[in-house]
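In what follows, residues are counted from 1 in the order of the sequence shown. Indexing begins at 1, ligand by ligand and atom by atom, following the structure's order.
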Amino acid sequence: MSNIEELASVAKQLVAGNRGILAADESTTTVGKRLASIGVANSAPNRAALRRMLFTSPGIEQHISGAILYEETLLQADDEAGGAAAAGQARLVQQLSSRGVLLGIKVDTGLAPLPASPEESFTQGFDNLAARCAAYKAAGASFAKWRAVIHIRQATANTPGLPSEAAVAAAARGLALYAAISQAAGLVPIVEPEVLADGAHSIELCEAVTQRVLAAVFKELADAGVLLEGILLKPNMVTPGSSAAPAAPAEVAAATLRVLRRTVPPAVPGIVFLSGGQSEADSTRHLALMNSGALPGPKPWVLSFSYGRALQASALKAWGGQAGKVAAGQAAFMARAAANSAAARGEEEA
Ligand code: 13P
C-alpha cells in the first residue's frame with residue numbers, strides 16, 4: 001500500500017463498525033488528578049494498572065477501534081513495576097494490539113500562554129516532531145493526536161471577546177503543520193481543535209466560535225497539503241458554557257451538525273467527538289441524536305466518539321484502584337463503550 005492508501009485505510013478503520021476511540025492519553029499530571037479522585041497515588045505502576053484494567057476489558061474490540069496513549073504507556077512494560085519495556089519484554093500495549101485495537105499517540109507536549117494574548121494558549125510540540133512521529137510509528141502507533149485549545153469569552157464594554165484572531169490563527173496553523181508532519185511519517189492525524197466549555201456563554205456564541213475555528217482549520221489543512229481522506233476531526237460539541245443553563249439535547253445535536261455541515265468537507269472519513277466535561281450520559285445522548293433519524297439531512301462523515309472522561313469516569317470509580325475490583329471497573333467501562341457504539345448507530349440504550 002502507498003502511504004496515501006494506508007492513511008486513508010487506517011482512518012476508515014478507526015470509525016468502522018460503529019466503533020470509537022478511547023482517549024487514554026492523559027498526561028502524567030492529568031492522570032494523577034484522576035487517580036487522586038479515587039485515593040490512588042500517581043506512580044508508574046498505578047498508571048499502568050489503570051490502563052491495564054481498561055485495555056484488558058473482555059470484548060473491548062467490539063466497541064473500541066483505537067486507543068490514544070501517552071508516550072509512557074506506549075513504551076511501558078506489562079509487569080508490576082510499570083517501567084519502560086526492555087528489548088524483547090512484553091509491552092502493555094500488546095494487550096490492545098492482540099485484540100485488534102489500533103495504537104494512537106499524543107504528540108503535542110501541552111499548552112503555553114500565547115504571547116499576543118496571554119490569557120489564551122497555544123500548543124507546543126514541534127521540537128523533533130518528525131523524528132518522534134517516526135519513532136512512534138516504529139513502536140507500533142498508527143495514528144496521532146494534537147490538541148489545540150480555544151477559549152470563549154463574551155465581549156463586554158470593558159473587555160474584548162475571546163477567542164482573539166491570534167489564538168484562532170495559531171490553533172489552525174499548528175494543527176495543519178502537525179497533521180502534515182504526522183501524515184509524512186505514516187501516522188493518521190487526529191485534528192483536535194477544542195473550543196472549551198468553560199464559562200457562562202450562550203450556545204449561539206459557541207456555535208459561532210466553533211464555526212469560525214473549524215473554517216480556519218480546514219483552510220490551513222488545505223494550504224498545508226494535508227490529505228483529508230487520511231485524517232479524523234476531533235471537535236467539541238456545540239453547547240452553552242458549562243456554567244450557563246444547559247440546552248436541550250436536540251438543540252445541541254442540531255447546532256453541532258449545522259456547524260459541521262458548514263465547515264467539514266465530505267472527504268473527511270470521520271468525526272470523533274471529545275466529551276469536554278459533559279457527563280457520560282449527555283455525551284452519549286448527543287451523539288445518538290446526531291446519528292438518529294430525528295435529525296435528517298446530509299451526514300457525509302461517520303460521527304463517532306473519542307472520549308476520555310465520558311468513557312472512563314464510572315470505570316475509575318467502580319475500580320477504585322483495587323485489584324479485586326478490576327472486573328467491576330471493566331464492566332462499567334464496557335457499559336459506556338457499548339452505549340456509545342449504539343449512539344454511533346443512532347440508537348439510545350435504555
Ligand atoms: P475528554 O473526552 O475527557 O474531553 O478527553 C478527550 C481528549 O482526548 C481531550 O484531549
Would you tell me which option among Arg147, Lys234, Gln278 has the nearest heavy-atom contact to atom 7 (C) of ligand 1? Lys234
For the 3.5 Å polar cut-off, considering only N or O atoms, please tell me whether [X] and ligand 1 meet it.
{"X": "Ser275", "answer": "yes"}
{"X": "Gly277", "answer": "no"}
{"X": "Lys145", "answer": "yes"}
{"X": "Ser306", "answer": "no"}
{"X": "Ala310", "answer": "no"}

Rounded to the nearest 0.5 Å, what separates atom CD in Glu192 from atom CZ in Arg147? 6.0 Å
Separation between CD (Glu348) and OG (Ser292), nearest 0.5 Å, reads 8.0 Å
Specify whether Tyr178 and Trp146 have parallel, tilted or perpendicular ring planes, treating 30° as the upper limit for parallel and 60° as the lower limit for perpendicular. parallel
Looking at atom 9 (C) of ligand 1, what's its closest protein heavy atom, distance included? Glu192 OE2, 3.3 Å
Would you kindly say whether Gln278 and Tyr307 are connected by a side-chain donor-acceptor distance under 3.5 Å? no
Have Ser97 and Gln94 got a donor and an acceptor in their side chains that come within less than 3.5 Å? no
I need the single residue from Glu72, Gln76, Glu26, Gln95 that forms a side-chain hydrogen bond (donor to acceptor under 3.5 Å, both in side chains) with Arg51. Which is it? Glu26
